[in-house]
Amino acid sequence: MASHFIRDIIIEDQKTGKNGGRVLTRFPPEPNGYLHVGHAKSIHLNFGLAREFGGRCNLRFDDTNPEKEETEYVESIIADVKWLGGDFGGSIFYASDYFQQLYDWAAQLIRDGKAYVCDLTPDQVRQQRGTLTEPGQESPYRNRSAEENLGLFARMRAGEFPDGSRTLRAKIDMASKNLNLRDPIMYRILHAEHHRTGNAWPIYPMYDYAHGQSDSIEGITHSICTLEFEDHRPLYDWFVEQLGIHHPQQIEFDRLNLTYTMMSKRKLLKLVQDKYVNGWDDPRMPTISGMRRRGYTPEALRNFCSKLGVSKTAGTTELALLEYCVREDLNKRALRVMGVLYPLRVVIDNYPEDLVEQMEAVNNPEDAGAGTRTVPFSKVLYIERDDFREDPPKQFFRLSPGREVRLRYGYFITCTGVVKDAAGEVIEVHCTYDPATRGGNAPDGRKVKSTIHWVSADHAIDSEVRLYETLFTKEDPNDVHEGHDFTDNLNPQSLTVITAKLEPSLAGAAPGSRYQFERMGYFTVDKGSTAANLAFNRTVTLKDTWAKIEQKMPDQKKPEKKPK
RNA sequence: UGGGAGGUCGUCUAACGGUAAGACUGCGGCCUCUGGAGCCGCGUAUCGGGGUUCGAAUCCCUGCCUCCCAGCCA
């Protein structure tokens, strides 16, 4: 596989002996939501680099804002990183474990005249920050003495002041072209309960002050983050330099954007809170837990991340690549079964009334070791509605009046007639079978153009099946008109729940197991599925060549939209 | 009209002064007891304009376009 600029930097560092050849990266999520596929890219990068260069990658929670963070999130993040194969060696780091050290360092900066307590209100701070084109104004509190600052900072820490009344600011340059350097706030007063430190601290460090120092404490060599932090790097460097501590190198790369997918944690939270989806692990969500529940494998996700590459070009990857990776992996490992999603009754008129034959079926043509199983065959079957057309278009090879097709692992059957309901809809198809074609081959060598799947009506088991489409109808969910938001682009068809007829071998299938319903797609048993109430989630469809042909047919009568 | 970072097939990514390559998508075909998988093939790209050079995606100049930044979020 081709290299990328971050790997090249590390290779160069090892050549020059920087960091003594050590490689220590970190994956630093804030526990304010569930991890999504964008995080998977970062996990793959950071843990991958560590493994490749014989180093380590720390899992560290950037938990410096108690108002948005919860233990539920840290637990889900740990589980997701593990599931993806991130090896953090059992130890977990928290920025909140460094609160005391960070506080001591802040005091040092105050003593050095590089930080001061500012009494401006949030509003005043904003006004004095200046704009993109105009410099800011210096705070009137900028030149307090070190003693006064130390005293005030200690009282802030002691909880003597109300929220928002004071801040600790770095004394840098209010005229800097880089707004991050205009006396950035290091600490704010927040009388909020932290999920780990409880009420021990009434002040909390800001990201810019906490992140680099946390990296430094851990001895991180390469601090890899996304592009939007490029403007923060000068500040990152400033703090570690003023403090005279280990200086990790911050490197920025492009975050993942995917078509039909939204990556903003804030918006994903809204989808959950406003119940547009059923929780963070709804299979339509781009979260790791949602994808897991959807049936994606860690291997598929890792392979996807490999194919993505790493660069500084902010682009958008097509969802098709992810789906390709999922199919590629599942094709090799998923056991084949037969399941009919939208059943149509078929009666084989010349088949004995109460005969049941056990037909042998291959479990996975891609894996000889997967063996075979047996599927019951009888006089009355179900086939897929889409596999029968009374008036077939030109290139339709499946069942239609007078035509012979093969029932997978069964017999050749020929359609002899249909039964319709009062509305004129076909509700039953009558066929004859050729007993000589048992197992699916004709001794006389005659061919059929199509093979369709089926289940025996008497033996089939019912199962809830959830069919998923993209959560959004637009490639860019944020593409909306004035006054609208991304929820306007939600796809009303993103979830369809049906009751399907499945072959009996699926009775009691274990949650999390994955199958290919032949000709239909890959499905996984939902985590809430039981023997009494089976439930499958569709992971991804198979590529559907026929659907493409049909799409291109110049306006011939297409089958009506599936019943919902 | 400030600062920062970027612009290579439709998409993502290579090529590091020497034949613009791969993957996904798309389109053909072969094969097939899954219209799946597999196999074979086809197509389309260096943002524009100058320059340096035997030779430029790569170096220089210039123009254009895109993304990020004015939280006491991360």
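Since we're looking at a predicted model, the values are computed, not measured. Quick note on labels: first sequence line is chain A, next is B, and so on, each numbered from 1.
- Within the 4.0 angstrom heavy-atom criterion, only backbone atoms of the sugar-phosphate kind lie near A:Glu30; the bases stay farther away.
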Name the pairs: protein N/O against N/O of nucleotides 42-47 of chain B, kept only if under 3.5 Å.
none

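- Residues A:Tyr382 and A:Leu341 fail the side-chain proximity criterion, which asks for heavy atoms closer than 4.5 Å.
- With sequence neighbours excluded, the residues satisfying ring pair (Phe, Tyr, Trp, His ring centres under 6.0 Å) with A:Phe517 are A:Phe523, A:Phe536.
- Residues A:Glu366 and A:Leu227 each lie close to RNA chain B; by heavy-atom proximity, the contact nearer the 5' end of the strand is made by A:Leu227.
- Under the stacking criterion of a centre-to-centre distance below 5.5 angstrom and an interplanar angle below 30°, A:Trp546 sits stacked against the six-membered ring of B:G35.
- You'll find the side chain of A:Pro31 stays beyond 4.5 Å of the side chain of A:Glu70, heavy atoms only.
- Taking atom P in both B:G4 and B:C12, one finds a spacing of 25 Å when rounded to whole Å.
- A:Glu30 CD to A:Lys68 NZ: the interatomic distance, rounded to the nearest 0.5 Å, is 6.5 Å.
- Residue contacts shown for A:Glu252 are absent, as no nucleic acid heavy atom lies under 4.0 Å away.
- Residue A:Arg7 places none of its side-chain N or O atoms closer than 4.0 Å to OP1 or OP2 of B:U13.
- Legend: residues meeting side-chain contact (heavy atoms from CB on, under 4.5 Å) with A:Tyr260, ordered by chain and number and at least two apart, are A:Leu319, A:Thr470, A:Glu475.
- Side-chain contact between A:Glu503 and A:Val340 is absent, with no heavy-atom pair separated by less than 4.5 Å.
- For the C1' atom pair drawn from B:U46 and B:A56, the interatomic distance equals 11 Å after rounding to whole Å.
- Here A:Tyr324 reaches the OP1 or OP2 of B:C24: one of its side-chain N or O atoms lies under 4.0 Å away.
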Polar-atom pairs under 3.5 Å, protein N or O versus N or O of nucleotides 7-12 of chain B: list them with distances, or write none.
from: B:G10; atom 1: N2; to: A:Glu318; atom 2: OE1; distance (Å): 3.0
from: B:U11; atom 1: O4'; to: A:Glu318; atom 2: OE2; distance (Å): 3.2
from: B:U11; atom 1: O3'; to: A:Thr316; atom 2: O; distance (Å): 3.2
from: B:U11; atom 1: O2'; to: A:Thr316; atom 2: O; distance (Å): 3.1
from: B:C12; atom 1: OP1; to: A:Thr316; atom 2: N; distance (Å): 3.1
from: B:C12; atom 1: O2'; to: A:Leu308; atom 2: O; distance (Å): 2.9

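- At a threshold of 4.0 Å, the pair A:Asp183-A:Arg129 does not count as salt-bridged, since none of the basic side-chain nitrogens sits closer than that to a carboxylate oxygen.
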Can you list, pair by pair, the side-chain donor-acceptor contacts under 3.5 Å of residues 203-213 of chain A, counting residues two or more places apart and other chains?
from: A:Tyr204; atom 1: OH; to: A:Ala192; atom 2: O; distance (Å): 2.9
from: A:Tyr204; atom 1: OH; to: A:Trp201; atom 2: O; distance (Å): 3.1
from: A:Asp208; atom 1: OD1; to: A:His232; atom 2: ND1; distance (Å): 2.7
from: A:Asp208; atom 1: OD2; to: A:His232; atom 2: ND1; distance (Å): 3.3
from: A:Tyr209; atom 1: OH; to: A:Leu102; atom 2: O; distance (Å): 2.6
from: A:Tyr209; atom 1: OH; to: A:Ala106; atom 2: N; distance (Å): 3.0
from: A:His211; atom 1: ND1; to: A:Asp62; atom 2: OD2; distance (Å): 2.7
from: A:His211; atom 1: NE2; to: A:Arg26; atom 2: NH1; distance (Å): 2.7
from: A:Gln213; atom 1: NE2; to: A:Tyr209; atom 2: O; distance (Å): 2.3

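- When heavy atoms are screened at a 4.0 angstrom cut-off, A:Pro234 is found touching no nucleic acid atom at all.
- Between A:Thr64 and B:A74 there is a side-chain polar atom (N or O) within less than 4.0 angstrom of OP1 or OP2.
- With sequence neighbours excluded, the residues forming a ring pair (Phe, Tyr, Trp, His ring centres under 6.0 Å) with A:Phe153 are A:Tyr103, A:Tyr187, listed by chain and number.
- Under the 4.5 Å side-chain criterion, counting only non-hydrogen atoms from C-beta, A:Ile172 is in contact with A:Leu235.
- Taking 90° from 0 as the syn/anti boundary, the base of B:G26 is oriented anti.
- With no hydrogens or angles considered, a side-chain donor-acceptor pair links A:Gln516 and A:Tyr522 at under 3.5 Å.
- With respect to A:Glu360 and A:Arg373, no salt bridge is recorded, no charged nitrogen being found less than 4.0 Å from a carboxylate O.
- Between A:Glu366 and A:Arg333 no salt bridge is recorded (no basic side-chain N to carboxylate O distance below 4.0 Å).
- With respect to A:Glu384 and A:Arg398, no salt bridge is recorded, no charged nitrogen being found less than 4.0 Å from a carboxylate O.
- Counting any heavy atom pair closer than 4.0 Å across all strands shown, A:Tyr411 reaches no nucleic acid atom.
- Distance check on atom C1': B:A74 versus B:G48 gives 39 Å, rounded to whole Å.
- For the P atoms, the distance linking B:C9 with B:A21 amounts to 14 Å, nearest Å.
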Distances for protein N/O vs nucleotides 69-71 of chain B N/O pairs under 3.5 angstrom?
from: B:A70; atom 1: O2'; to: A:Arg129; atom 2: NE; distance (Å): 3.2
from: B:G71; atom 1: OP2; to: A:Arg129; atom 2: NH2; distance (Å): 3.1

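- In this structure, A:Glu134 places its CD atom 14 Å from P of B:G3, rounding to the nearest Å.
- The list of salt bridge (charged side-chain N to carboxylate O under 4.0 Å, His left out) pairs with a residue in residues 248-263 of chain A, not counting sequence neighbours, reads A:Lys41-A:Asp254, A:Glu228-A:Arg255, A:Arg233-A:Glu252, A:Glu252-A:Lys312.
- Atom pair A:Leu152:CG and B:C72:P shows a separation of 19 Å (rounding to whole Å applied).
- A search for ring pair (Phe, Tyr, Trp, His ring centres under 6.0 Å) contacts involving A:Phe388 returns nothing, not counting sequence neighbours.
- Distance check on atom C1': B:C65 versus B:G29 gives 41 Å, rounded to whole Å.
- Nucleotides B:C67 and B:C30 are separated by 45 Å at their C1' atoms, to the nearest Å.
- At the heavy-atom level, A:Tyr409 lies under 4.0 Å from base atoms of the strands shown.
- OP1 or OP2 of B:C73 has not a single side-chain nitrogen or oxygen of A:Lys265 nearer than 4.0 Å.
- Spacing between atom CD1 of A:Ile383 and atom P of B:G35 amounts to 13 Å, rounded to whole angstrom units.
- Using modelled atom types and a 3.5 Å distance limit, the side chains of A:Asn149 and A:Tyr141 yield no donor-acceptor pair.
- A:Asn58 and A:Glu218 share a side-chain donor-acceptor pair at under 3.5 Å.
- Going from atom CZ of A:Phe5 over to atom C1' of B:U58 covers 18 Å, rounded to whole Å.
- The separation of B:G43 from B:G51, taken at their P atoms, amounts to 33 Å, rounded to a whole angstrom.
- When the ring pair (Phe, Tyr, Trp, His ring centres under 6.0 Å) test is applied to A:His36, the partners found at least two apart in sequence or on another chain are A:His39.
- At a non-hydrogen distance threshold of 4.0 Å, A:Asn331, A:Arg336 from residues 329-339 of chain A come into contact with RNA chain B.
- Atom name P, nucleotides B:U8 and B:C59: the rounded distance is 15 Å, in whole Å.
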Check your understanding: So what does the secondary structure string of RNA chain B come out as, 5' to 3', with Watson-Crick or wobble pairs under 3.5 angstrom, [ ] for crossing and | for pairs with another strand?
Key -> .((((((..((((....[..)))).(((((.......)))))....(((((..]....))))))))))).....
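- Among the protein residues, A:Phe229 comes within range of the nucleic acid bases, having at least one heavy atom under 4.0 Å from a base atom.
- Heavy atoms of A:Lys548 sit under 4.0 angstrom from primed sugar atoms or phosphate atoms, though from no base atom.
- Counting any heavy atom pair closer than 4.0 Å across all strands shown, A:Val448 reaches no nucleic acid atom.
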